[in-house]
Peer 1: 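Got a structure for you, written out below as structure tokens; questions coming shortly.
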Amino acid sequence: MAVTEKVGRAKLSTTVERANYQYLESLVRSGGAHSMAEAVDRAVRLLRRTESRKRLERDTAAYFEGLSEEGCSEERALESAFQTAAAGIDFDREI
């Protein structure tokens, strides 16, 4: 994989399913991306974010399943404080 020096991007040459190609083209046509490369980057970013959220959800569930009753009480108190503090945050726009 060659990397161009000026923007630190890796060259990618591949084929994709027709429907995926049409989707990427539609992103460019609609202004959602300026180029096919940007459309691919956007799609991959979304996939990576989704995978990260799934991993976080799985790891969080495992943490709470192993928690003692005392730990659960402490977590409930933290939950209440965090809900109040985070009420106006749009986490999708924070990235």
Side-chain angles (χ1 to χ4, degrees):
M1 216 184 268
V3 177
T4 57
E5 302 242 350
K6 70 179 187 177
V7 289
R9 296 180 62 83
K11 182 159 178 66
L12 173 68
S13 177
T14 189
T15 58
V16 295
E17 292 180 8
R18 182 175 306 280
N20 292 336
Y21 185 81
Q22 290 170 340
Y23 171 75
L24 295 170
E25 277 189 321
S26 73
L27 282 176
V28 175
R29 275 195 313 274
S30 70
H34 290 87
S35 66
M36 186 63 80
E38 187 178 316
V40 169
D41 286 341
R42 178 179 167 188
V44 171
R45 233 183 346 266
L46 178 61
L47 174 64
R48 292 179 71 185
R49 183 184 310 153
T50 300
E51 287 177 343
S52 291
R53 286 181 179 177
K54 286 180 183 179
R55 207 170 27 255
L56 176 60
E57 180 180 331
R58 183 193 65 234
D59 293 349
T60 301
Y63 168 78
F64 281 104
E65 286 173 7
L67 211 52
S68 69
E69 186 56 43
E70 181 182 347
C72 284
S73 294
E74 291 174 7
E75 288 292 341
R76 281 191 290 276
L78 285 171
E79 174 188 7
S80 179
F82 284 141
Q83 280 180 339
T84 301
I89 298 173
D90 180 354
F91 290 98
D92 288 327
R93 299 199 67 190
E94 294 297 317
I95 294 177

Peer 1: Which other residues end up in the same hydrophobic cluster as Leu47, if Ile, Leu, Val, Met, Phe, Trp and Tyr are linked when side-chain heavy atoms come under 4.5 Å apart?
Peer 2: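 Other cluster members: none.
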Peer 1: Please enumerate all residues that pass side-chain hydrogen bond (donor to acceptor under 3.5 Å, both in side chains) together with Glu69, with sequence neighbours excluded.
Peer 2: Arg76
Peer 1: Considering residues at least two apart in sequence or located in another chain, which fulfil the side-chain hydrogen bond (donor to acceptor under 3.5 Å, both in side chains) criterion with Gln22?
Peer 2: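 Scan of Gln22 (side-chain hydrogen bond (donor to acceptor under 3.5 Å, both in side chains), adjacent residues dropped) gives none.
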Peer 1: How long is the straight-line distance from CG of Leu78 back to CD of Gln83, given to the nearest 0.5 Å?
Peer 2: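 One finds 11.5 Å between CD of Gln83 and CG of Leu78.
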Peer 1: With sequence neighbours left out, write down each residue that passes side-chain contact (heavy atoms from CB on, under 4.5 Å) with Glu70, or none if nothing qualifies.
Peer 2: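 Partners of Glu70 by the side-chain contact (heavy atoms from CB on, under 4.5 Å) criterion, ordered by chain and then number, come out as Ser68, Glu74.
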Peer 1: Do Arg55 and Ser52 have side-chain heavy atoms sitting under 4.5 Å apart?
Peer 2: yes
Peer 1: Restricting to side-chain contact (heavy atoms from CB on, under 4.5 Å), what partner residues turn up for Ala77, sequence neighbours left out?
Peer 2: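 Partners of Ala77 by the side-chain contact (heavy atoms from CB on, under 4.5 Å) criterion come out as none, since no residue qualifies.
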Peer 1: Could you tell me which residues satisfy side-chain hydrogen bond (donor to acceptor under 3.5 Å, both in side chains) with Thr84, sequence neighbours excluded, listed by chain and number?
Peer 2: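 For Thr84, no residue satisfies side-chain hydrogen bond (donor to acceptor under 3.5 Å, both in side chains) once neighbours in sequence are set aside.
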Peer 1: To which residues is Phe64 joined in a hydrophobic cluster, defined by side-chain heavy-atom contacts under 4.5 Å among Ile, Leu, Val, Met, Phe, Trp and Tyr, whether direct or through other members?
Peer 2: Tyr63, Leu67
Peer 1: So, using side-chain hydrogen bond (donor to acceptor under 3.5 Å, both in side chains) as the criterion, who are the partners of Asn20 when residues are at least two apart?
Peer 2: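 With neighbours one apart ignored, the set is empty.
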Peer 1: May I ask you to list the residues sharing a hydrophobic cluster with Leu56, side-chain cutoff 4.5 Å, ordered by chain and number?
Peer 2: none
Peer 1: For residues 31-42, which residue pairs qualify under side chain to side chain donor-acceptor pair (under 3.5 Å), counting only residues two or more places apart or in two chains?
Peer 2: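 Residue pairs passing side chain to side chain donor-acceptor pair (under 3.5 Å), neighbours aside: Arg9-Asp41, His34-Glu38.
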Peer 1: Which other residues belong to the hydrophobic cluster containing Tyr23, where Ile, Leu, Val, Met, Phe, Trp and Tyr are joined when side-chain heavy atoms lie under 4.5 Å apart, directly or via other members?
Peer 2: Val16, Tyr21, Leu24, Leu27, Met36, Val40, Val44
